> 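Pasting a structure here, questions to come.
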Amino acid sequence: MLLSTSRRVLAPFERRFVNPTATNDKVLKPDHGSQRKHFIFTDEHEDLRESMQSWVLKECAPHAEEWEDKLWPDSILKRAGELGYIGLCFPEEYGGQGGDYYYSLIRGECLSYSRSGGFNMGFVVQSDMVLPPIEMLGTEDIKQRYLVPGIKGEKIGSLGITEPGAGSDVAGIRTTARRDGDEYVINGSKMFITNGARADFIVLVTKTNPDARHDGITLFVVDLKDDEGNNVPGFSVSRKLEKMGMHASDTAELAFEDVRVPAENMLGEEGKGFYHISWELQGERLVGAVGSVSGAERCFEKTLEYAKEREAFGRPIGNFQVIRHKFAEMATKIEVAKQMVYMTAWRFNNGEYPVREITQAKLYASRIACEVIDECIQIHGGYGYMKEYDVERAYRDARLNRIGAGTDEVMLEVIGRSYGI
Ligand SMILES: Cc1cc2nc3c(=O)[nH]c(=O)nc-3n(C[C@H](O)[C@H](O)[C@H](O)COP(=O)(O)OP(=O)(O)OC[C@H]3O[C@@H](n4cnc5c(N)ncnc54)[C@H](O)[C@@H]3O)c2cc1C
């Protein structure tokens, strides 16, 4: 016998037939406050979200202002390593947790509570850019020397692709690695390197055949410091760079002058570095998209609170229709970008290599983050322009996302070319 609709949960097909004029207890109400988790996440994922978010709120967020002035301290990455947050997606045999890709997604979302884009960037350079190619391409010896301490946060890594004369055009790099017996000798310079001044080692993109473009590129893991913490011979930090935003993160120009690296520190195959780094860039772009969406979401939340409290002309500013519509636009953009990221992550996690979709997600998420945060500043009025309000910092930090890990224009090229034109 069928139960009456008021006494049981309605099946989706039945919902369409509910009479909206029926008595109150039979009317379906909009579920605006639903906390239902997304289908890609399990209870275990949500457990991580709870614990990591509370760690970020407790041990990172209170230091956001201090880190803007002094950079985030190495000790916080070590702490993250102790808590298992760097190794979430790496195999247990190397000290990781053996989790799927969704753990990385949740980590990116949790980091958005830190109030420090610069810290988040330094963290994900380690967890999602430097260590994955080492795990994927490194020999057992390389994994023991860099992946294991990297997961513990005891060694900090950086990624060296960009050069003063070549950013988007990766095949145009000029840093060379010349074979000399059992070693390679590295000469050249790298630009805009995150964690560059503090890093113990770097995943370095070089040319082993300077006359070739894509097929002349080879990756190496290069020590930047010796056991005493001094720069290795031939390596120097040419400049610590001043930036518009991401002040908590160090960004450096690096110089390599006859730096010797053992041949066994090659990552992957000689001449295949372009294809290896193209794979790395997919993870970098997806985590960038996650950061953009969740950064926008945090600003939305703070601005919503503000719009409910701030009064003008005798009422909360959120009650003006024009402001309400701004929230409606922002929420819709955030939701579209989030679903795009989740669906792409779902495909990635299921073994696909969805380069077009990753590129679209990165492009769209970073664009809407800039639009949303700009609107949040507008809603804050003059206060939005003040450093004491998080939206001011978020605005400067978010702008990088349309440049780093590939510019908007390069993303459009990748997407456009994927259609064979
Ligand atoms: C704060 C910060 C941190 C960074 N961290 C790192 C890091 O850790 N490691 C690293 O290797 N790099 C890092 N980068 C570098 C970043 O990835 C590059 O800045 C980015 O890839 C763009 O390269 P570029 O700056 O040389 O610009 P260019 O390549 O010179 O581009 C300049 C302009 O020309 C456009 N353009 C270029 N080619 C095309 C084309 N084919 N079609 C249409 N337009 C085009 C670009 O879109 C852009 O608008 C960082 C950058 C910043 C600012």
Side-chain angles (χ1 to χ4, degrees), residues 68 71-72 116-133 156-175 188-207 213-214 217 219-222 224 237-256 267 273-274 276-285 287-289 291-292 295 359 362-363 366-367 370 393 395-418 421:
E68 282 291 284
L71 305 177
W72 56 267
S116 175
F119 167 60
N120 303 348
M121 180 165 72
F123 191 124
V124 300
V125 161
Q126 176 92 349
S127 59
D128 290 75
M129 303 181 200
V130 169
L131 297 182
I156 296 180
S158 56
L159 175 67
I161 307 173
T162 310
E163 301 189 352
S168 305
D169 181 14
V170 175
I173 62 155
R174 292 204 160 148
T175 296
S189 53
K190 292 289 169 184
M191 191 56 151
F192 306 139
I193 305 306
T194 302
N195 297 348
R198 72 174 85 205
D200 299 292
F201 66 94
I202 188 166
V203 170
L204 194 68
V205 182
T206 71
K207 278 266 174 85
R213 273 181 56 86
H214 302 84
I217 292 180
L219 308 187
F220 289 90
V221 188
V222 181
L224 300 178
V237 176
S238 338
R239 276 196 298 161
K240 292 181 181 175
L241 301 160
E242 300 279 338
K243 309 184 289 294
M244 171 200 276
M246 299 287 195
H247 290 167
S249 163
D250 77 82
T251 309
E253 182 177 354
L254 310 178
F256 298 82
L267 207 50
F274 183 82
H276 297 328
I277 209 64
S278 298
W279 172 83
E280 182 282 328
L281 280 168
Q282 303 314 312
E284 187 170 337
R285 288 171 185 165
V287 79
S292 291
T359 316
K362 195 282 189 182
L363 173 75
S366 51
R367 280 183 167 178
C370 290
R393 183 171 52 245
Y395 180 80
R396 290 183 286 104
D397 289 352
R399 189 60 183 82
L400 174 65
N401 295 355
R402 293 184 52 203
I403 299 169
T407 62
D408 281 9
E409 292 75 17
V410 168
M411 296 304 96
L412 288 167
E413 268 300 285
V414 174
I415 298 163
R417 281 170 189 243
S418 75
I421 49 175

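Indexing begins at 1, ligand by ligand and atom by atom, following the structure's order. As the structure is a computational prediction, the values presented were derived from the model and not from experiment.
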> Going through the checks in order, is the side chain to side chain contact (heavy atoms under 4.5 Å, CB included) test met by Asp397 and Asn120?
CA-CA 10 Å; Asp397 289 352; Asn120 303 348; over 6 Å; no

> Looking only at protein heavy atoms, which one is nearest to atom 2 (C) of ligand 1, and what is the separation?
Leu400 CD1, 3.7 Å

> Let me confirm one number: the OG1-CG distance from Thr194 to Asp250, rounded to the nearest 0.5 Å.
8.0 Å

> Hey, are the side chains of Val205 and Lys190 touching, using non-hydrogen atoms and a 4.5 Å cut-off?
yes

> So for ligand 1, is Thr407 a polar contact partner (N or O within less than 3.5 Å, distance only)?
yes

> Apply the test side chain to side chain contact (heavy atoms under 4.5 Å, CB included) to residues Ile277 and Leu159: give CA-CA distance (whole Å), side-chain angles for both, the deciding distance (0.1 Å), then the verdict.
CA-CA 10 Å; Ile277 209 64; Leu159 175 67; 4.0 Å; yes

> Please identify which atoms of ligand 1 are closer than 4.0 Å to at least one heavy atom of Ile193.
7 (C), 8 (O), 9 (N), 10 (C), 11 (O)

> Looking at atom 32 (C) of ligand 1, would you say a protein heavy atom lies below 4.0 Å from it?
no

> Mind checking the CG-CZ spacing from Leu224 to Phe256? Nearest 0.5 Å is all I need.
5.5 Å

> Which heavy atom of the protein is the closest neighbour of atom 39 (C) of ligand 1, given with residue, atom name and distance?
Val410 CG2, 4.6 Å

> Note the single closest protein heavy atom to atom 44 (N) of ligand 1, along with its residue, its atom name and the distance in Å.
Glu409 CB, 3.5 Å

> Which residue owns the protein heavy atom closest to atom 3 (C) of ligand 1, what's the atom, and how far is it?
Thr194 OG1, 3.4 Å

> Run the numbers on Ser189 and Glu253 for side-chain hydrogen bond (donor to acceptor under 3.5 Å, both in side chains), then give the verdict.
CA-CA 7 Å; Ser189 53; Glu253 182 177 354; 4.8 Å; no

> For atom 27 (O) of ligand 1, find the nearest protein heavy atom and state the residue, atom name and distance (0.1 Å precision).
Ser168 OG, 4.1 Å

> Glu413 versus ligand 1: do any nitrogen or oxygen atoms come within less than 3.5 Å of each other?
no

> In ligand 1, which numbered atoms sit nearer than 4.0 Å to a non-hydrogen atom of Lys243?
1 (C)

> Exactly one of Leu241, Leu254, Thr251 should register a side-chain contact (heavy atoms from CB on, under 4.5 Å) with Met191. Which one does?
Leu241

> Are there over 12 heavy-atom neighbours, none belonging to Lys243, within less than 6.0 Å of that residue's NZ?
yes

> Any donor and acceptor pair, going by atom type alone, linking the side chain of Lys362 with main-chain N or O of Asn401 inside 3.5 Å?
yes

> So, Arg393 side chain and Ser116 main chain: donor-acceptor pair closer than 3.5 Å or not?
no

> Please determine whether a side-chain nitrogen of the Lys or Arg among Arg367 and Asp408 lies less than 4.0 Å from a carboxylate oxygen of the Asp or Glu.
yes

> Tell me whether ligand 1 is touched by Leu159 - counting only heavy atoms on the residue side and a distance under 4.0 Å.
yes

> Quick check on atom 35 (C) of ligand 1 - does any protein heavy atom sit closer than 4.0 Å to it?
no

> Can you report which non-hydrogen protein atom sits closest to atom 17 (O) of ligand 1, along with the distance?
Ala405 N, 3.6 Å

> Got the closest protein heavy atom to atom 13 (C) of ligand 1, with its distance?
Phe192 O, 3.2 Å

> Is there a protein heavy atom less than 4.0 Å away from atom 6 (C) of ligand 1?
yes

> Answer yes or no: does an N/O atom from Val125 fall short of 3.5 Å to an N/O atom of ligand 1?
no

> Are any of the N/O atoms in Thr162 less than 3.5 Å from those in ligand 1?
yes

> Nearest 0.5 Å please: distance from the NZ atom of Lys207 over to the CZ atom of Phe274.
10.5 Å

> Could you find the nearest protein heavy atom to atom 24 (P) of ligand 1 and give me its residue, atom name and distance?
Gly167 CA, 3.9 Å

> Determine, considering heavy atoms only, which of Ile161, Asp408, Val203 sits nearest to atom 11 (O) of ligand 1.
Ile161

